[in-house]
K.L.:
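Mind looking over this structure? Questions follow.
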Amino acid sequence: MSKGHATAWAQLPVSLNQLCLATVLRCGQSFRWKASGPDEWSCGFSDRIISLRQSPTHLHYRATFPSPPPKSAKDDTAEIVKDYFNLSIDLAALYEKWSLADPNFKKKAGEFKGVRMLRQDPWECLIGFICSSNNNISRIGQMVDKLCATYGTPLGTITHTSTNPLSPSSPSSENKTPPTEVAYYSFPTIEALTTPDVEETLKKLGFGYRAKYIYKTACMVHKDRPKGFLNTLRDEKDYKEAHAELIQFMGVGPKVADCVCLMSLDKMGAVPVDTHVWQIATRDYKFGKGKHRSLTPVVYEAVGDLFRELWGDAAGWAHSVLFTADLRTFSDRLENTKTTTTTTVKSKTKVKVEVKEEEEDEKIKLEDVKVEEVEGEEVKTIEKRVRKRGANGEVKAEVVVKTEEVTERRTRRRRG
DNA sequence: TATCGACCTCA
DNA sequence: GAGGTCGAT
């Protein structure tokens, strides 16, 4: 039982190929779903808590309202759920298409069915991903919880029953944790995050430098944009336009903007390139063939283009499948097929090779990388030009620094 | 255009 | 050091 007014459980026909709840709700799209039971998930929406369960053939849902709804009101929770999970899109058909176009996708997809993009509220999505920089899913979740508890509206409580999978062998006794009442809140409105105290409060709550970003962005959206601005990016702007609008906000770079485009603005081709995706591109798709030492804006876009060419219009959706497969949380699923390649830098030697007096030779690249590979050992020679400057900033000399990096690669198969 | 240090906290 | 961004150079 929970405080509040819960509707009866209802269901929607949804196969596991179309949606895998346990994966989709934990793969870093939304940070607000809580496990409220062994196979139950709950999340606060604007005026109600929605709880979900899944069987092989159905998605079960129910709503818990803070106060009894008028008898006349008909429950629109089904509509909310269909919309939130983008259920009008046939995911299985997309998997077919991607598998045909890409053997690597096909290989990974078997263990990761039903990974679809949510269709979240753009404002919540924006703030959630501003929190995501230099951060991990679990802490982002904790931060968003605090944000909601502090600036959101209470929606009631849900009784959480044991989610501890530890001892299914003795269901009768010991290891059961007692049920607890957990409070749920709505996500704060835009306006709620524009009060002058917000930055300081969030700092105290452990948001770090993101506190300022959130406050500033809230102010920008609220004061400098027309009402409903973020939602208009869905229909009135295409992907590029929406992306350009989003990176105007404080704390929003290309990656965060792509997350918002993909997960809340119906831009299925948006591919957020974070360090994971960058790894996937270089490791599994040989992107750049060892060039590119950092993820500059140009390289960022090139990675997205690579995947868009490979997977087509809904590349962002496809990317999410491989991204999820790469997450530590789910790494056990690939145990049987996986080969892991670990690379360790064995040695690194820097040698200053020559000193040039004030030479302006545009032909020398600022950085030149040569790679040789011998029996699992990779020797990279990096030539980097470093300018020594005097007190006035004038170039006094240029030093070419050669770095030899010896990398050892070990590939091993885990039990299979 | 690309690179670099700083930024908050927690692991 | 992390599932990034900002501001300066």
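The figures that follow rest on heavy atoms only: side chains count, while hydrogens, waters and symmetry mates do not. Remember, it's a predicted structure, so these values are computed and weren't measured experimentally. Residue numbers start from 1 in every chain, and the chains themselves are labelled A, B, ... in the order their sequence lines are given, proteins ahead of strands.
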K.L.:
Would you state whether a donor and an acceptor, one from the side chain of A:R210 and one from the base of B:dC8, lie under 3.5 Å apart?
P.N.:
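Per atom types, the contact qualifies.
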K.L.:
Whole-Å distance between C:dG3 P and A:M263 CE?
P.N.:
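My rounded result for the distance is 15 Å.
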K.L.:
With a 4.0 Å cut-off on heavy atoms, is A:F249 in touch with a base, just the backbone sugar-phosphate, or nothing at all?
P.N.:
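Contact class for A:F249: sugar-phosphate only.
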K.L.:
Nearest whole angstrom, please: distance from the P of B:dA2 to the CZ of A:R293.
P.N.:
15 Å
K.L.:
Given atom CH2 of A:W278 and atom C1' of C:dA2, what is their separation to the nearest angstrom?
P.N.:
18 Å
K.L.:
Using whole Å, what does the distance between atom C1' of nucleotide B:dC8 and atom OH of A:Y215 come to?
P.N.:
20 Å
K.L.:
Ignoring the backbone of A:T275, work out which of B:dT9, C:dG3, B:dA2 is nearest its side chain.
P.N.:
C:dG3
K.L.:
Considering only side-chain heavy atoms of A:T296, which listed nucleotide, B:dT3, B:dT9, C:dG4, is closest?
P.N.:
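Of the candidates, B:dT3 comes closest.
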K.L.:
Taking only Lys NZ, Arg NE, NH1 and NH2, and the carboxylate oxygens of Asp or Glu, determine whether A:K255 and A:D258 approach each other closer than 4.0 Å.
P.N.:
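Looking at A:K255 and A:D258, the cut-off is not met.
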K.L.:
By the 4.0 Å heavy-atom rule, please label A:L327 as base, sugar-phosphate, or nothing.
P.N.:
base
K.L.:
Let's test this: given Watson-Crick or G-U wobble pairing with both distances under 3.5 Å, identify the partner of C:dA2.
P.N.:
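Paired with B:dT9.
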K.L.:
Check the angle between the aromatic planes of A:H160 and A:Y184 and answer parallel, tilted or perpendicular using the 30° and 60° thresholds.
P.N.:
tilted
K.L.:
So, A:K267 and A:D313, do they make that salt bridge, N to O below 4.0 Å?
P.N.:
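No, A:K267 and A:D313 are not salt-bridged.
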K.L.:
Judged by each residue's nearest nucleotide on DNA chain C, which is more toward the 5′ side, A:M250 or A:H276?
P.N.:
A:H276
K.L.:
Give the rounded distance in Å between these two atoms: CG of A:N135 and C1' of B:dC7.
P.N.:
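Rounded to the whole Å, the gap is 13 Å.
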K.L.:
Between A:T150 and A:Y185, is there a side-chain donor-acceptor contact under 3.5 Å, judged purely by atom types and distance?
P.N.:
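The criterion, which ignores hydrogens and geometry beyond distance, is not satisfied for A:T150 and A:Y185.
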K.L.:
Answer with yes or no whether the side chains of A:D197 and A:T195 bring together a donor and an acceptor at under 3.5 Å.
P.N.:
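Result is yes, a qualifying pair exists.
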K.L.:
Using a heavy-atom cut-off of 4.0 Å across all strands, would you classify A:V277 as base, sugar-phosphate, or nothing?
P.N.:
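Contact class for A:V277: none.
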K.L.:
Please determine, for C:dA8, whether a Watson-Crick or G-U wobble partner exists with both distances under 3.5 Å, and give it or none.
P.N.:
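Per the H-bond distance test, B:dT3.
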K.L.:
Whole angstroms only, please: what is the OH-C1' distance between A:Y209 and B:dT9?
P.N.:
9 Å
K.L.:
Describe the nucleic acid contact of A:N136 in one word from base, sugar-phosphate, nothing, applying a heavy-atom distance below 4.0 Å.
P.N.:
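It contacts nothing in the nucleic acid.
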K.L.:
A:F323 near the nucleic acid: base, sugar-phosphate alone, or nothing, with a heavy-atom cut-off under 4.0 Å?
P.N.:
base
K.L.:
Distance check, P atoms only: B:dC8 and C:dA8, in whole angstrom units.
P.N.:
15 Å
K.L.:
Are A:E124 and A:R32 ion-paired here, with the side-chain N under 4.0 Å from a carboxylate O?
P.N.:
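Here A:E124 pairs with A:R32 in a salt bridge, since their nearest N and O are under 4.0 Å apart.
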K.L.:
For a quick check of understanding: with a heavy-atom distance under 4.0 Å over all strands, which category does A:P272 fall into, base, sugar-phosphate or nothing?
P.N.:
nothing
K.L.:
Is the phosphate of B:dT3 approached by A:S294 (side-chain N or O, under 4.0 Å from OP1 or OP2)?
P.N.:
yes
K.L.:
For A:G28, report the nucleic acid contact type (base, sugar-phosphate, nothing); a contact means any heavy atom under 4.0 Å.
P.N.:
base
K.L.:
Measure from NE2 on A:H292 to P on B:dT1 and round the result to the nearest Å.
P.N.:
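Atom-to-atom, A:H292 to B:dT1, this comes out as 15 Å.
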K.L.:
How many whole angstroms separate atom CD1 of A:I214 from atom C1' of B:dC8?
P.N.:
12 Å
K.L.:
Go through B:dT1, C:dG4, B:dC8 for me and flag the one nearest to the A:V298 side chain.
P.N.:
B:dT1
